[in-house]
Number of protein chains: 2
Amino acid sequence: MEIEKEIKQNKFKDEINKLMINQLFTGKWITNLIAKQLKPFGITNQQYNVLRILRGQKSNYISVNAISDRMIDKMSNVSRLIDKLVDKKLVQRKINKDDRRQADIVINQKGLDLVKAIEDTEDDLKSNFKSLSEEEAKQLNDLLDKLRG
Amino acid sequence: MEIEKEIKQNKFKDEINKLMINQLFTGKWITNLIAKQLKPFGITNQQYNVLRILRGQKSNYISVNAISDRMIDKMSNVSRLIDKLVDKKLVQRKINKDDRRQADIVINQKGLDLVKAIEDTEDDLKSNFKSLSEEEAKQLNDLLDKLRG
DNA sequence: TACAAATATATGTAGATACAGATAATGTAT
DNA sequence: ATACATTATCTGTATCTACATATATTTGTA
């Protein structure tokens, strides 16, 4: 639906103003879709983001900072996100031997299983994204990258 | 910058997966820019959104539900957002005579002045969006609208 | 070596958010 | 008129978030 209808605003000052709003709205739309997907599994969008980053590292440990660098939301309080994941026994934390300030994190089997289970519901999520062709999706990706300069 | 570099992920499963991430990242990017713009004024993104909706209504009262319909983030707890704005004496709330369930809200002069003051800093915010031409911005808007179906 | 600066992570906190449920008024069917 | 459903808003709550600050360790350098 046109953003004008979504938020009942029939005119924007200019195309950039409209773009900001449209972008915020669409970001929130996707956030909510993912949150809904994750709800049955009892984890948040940010926790899922961390789990997938960790899975990408296989069985290698990775520091809290390195996780932060890879997160979609850089502002996240990764320390406490990890706390939650440790509580749920999805990941493990240990102190790095060579630099004892550093906490190293690794995903464990239960975490891998959870990510797998969530990914099995991905078709459901993806069904919301059928309106764009692969070509249009690529075009959109390029414009988003360009937007951020 | 390319999304791959922003989150240090060098490959995505497909263009749609990448688009979801890119969209979330860009949404968060804009949210943070606006939050930074608003910080000196002591209001949040959501509160600002409500204030601008109310300004659009001029001196007419509008219901909490109608505000919600017009918000970028529909999930917001508008009741409590209004509480904050009333505390700050930026808006007023009164019970609707004809339907006593309904709360009607209107922006007052202090609120209008605040929105004006914030808008005077808009050039600063807009300076982050110079990388797209008007034409590209329009193209992006159209693709976002199409994305949401 | 000693000491300041930088780094990596954790913690305290006020406030925001999501969601469930409560409250109250109104609409509707009998 | 009565009872039940619906609507509009508010409240309780647990959790999350942003931001400032604290702690611990390492690095650079005089």
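Proteins come first, then strands; the chains are lettered A, B, ... in the order of their sequence lines, and each starts at number 1.
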Exercise for review: Taking only Lys NZ, Arg NE, NH1 and NH2, and the carboxylate oxygens of Asp or Glu, determine whether B/K18 and B/E4 approach each other closer than 4.0 Å.
Suggested key: yes
Please determine whether side-chain contact (heavy atoms from CB on, under 4.5 Å) holds for the pair B/Q37 and B/D124, giving the CA-CA distance in whole Å, both sets of side-chain angles, and the decisive distance to 0.1 Å.
CA-CA 8 Å; B/Q37 179 196 24; B/D124 242 32; over 6 Å; no
Taking A/R148 first and then B/E2, would you say they form a salt bridge - that is, a charged N and a carboxylate O separated by under 4.0 Å?
no
Students often get this wrong, so: under 4.0 angstrom with heavy atoms, is A/K39 touching a base, only sugar-phosphate, or nothing? sugar-phosphate
Please evaluate residues A/E6 and B/K74 with respect to the criterion salt bridge (Lys or Arg N to Asp or Glu O under 4.0 Å), reporting the C-alpha separation (whole Å), side-chain torsions for both, the decisive distance (0.1 Å), and the verdict. CA-CA 10 Å; A/E6 301 275 19; B/K74 310 284 187 199; over 6 Å; no
Discussion item. Within the structure provided, determine whether A/F129 and A/L33 are in side-chain contact (heavy-atom separation under 4.5 Å).
Written reply: yes
Q) Would a distance-only check, ignoring hydrogens and angles, find a side-chain to backbone donor-acceptor pair under 3.5 Å from A/T121 to A/I118? A) yes
Whole-Å distance, B/N77 CG to D/dA14 C1', equals 14 Å
Residues in residues 47-67 of chain B with a heavy atom under 4.0 Å of DNA chain C, by number, are B/Q47
Stepwise side-chain contact (heavy atoms from CB on, under 4.5 Å) check, A/D104 with A/I62
CA-CA 5 Å; A/D104 285 336; A/I62 178 178; over 6 Å; no
Taken to the nearest whole Å, CD1/B/I34 to P/D/dA18 is 15 Å
Taken to the nearest whole Å, CG/B/L33 to P/D/dA18 is 14 Å
Of B/V86, B/L90, B/V91, the one forming a side chain to side chain contact (heavy atoms under 4.5 Å, CB included) with B/K88 is B/L90
Atom CD1 of B/I72 and atom P of C/dT17 are separated, to the nearest Å, by 13 Å
A/M75 atom CE is separated from C/dG15 atom P, nearest whole Å, by 20 Å
Expected list for residues 79-105 of chain B near DNA chain C, using heavy atoms below 4.0 Å, is B/R80, B/K84, B/D98, B/D99, B/R100, B/R101
Taken to the nearest whole Å, CG/B/D69 to C1'/D/dA8 is 12 Å
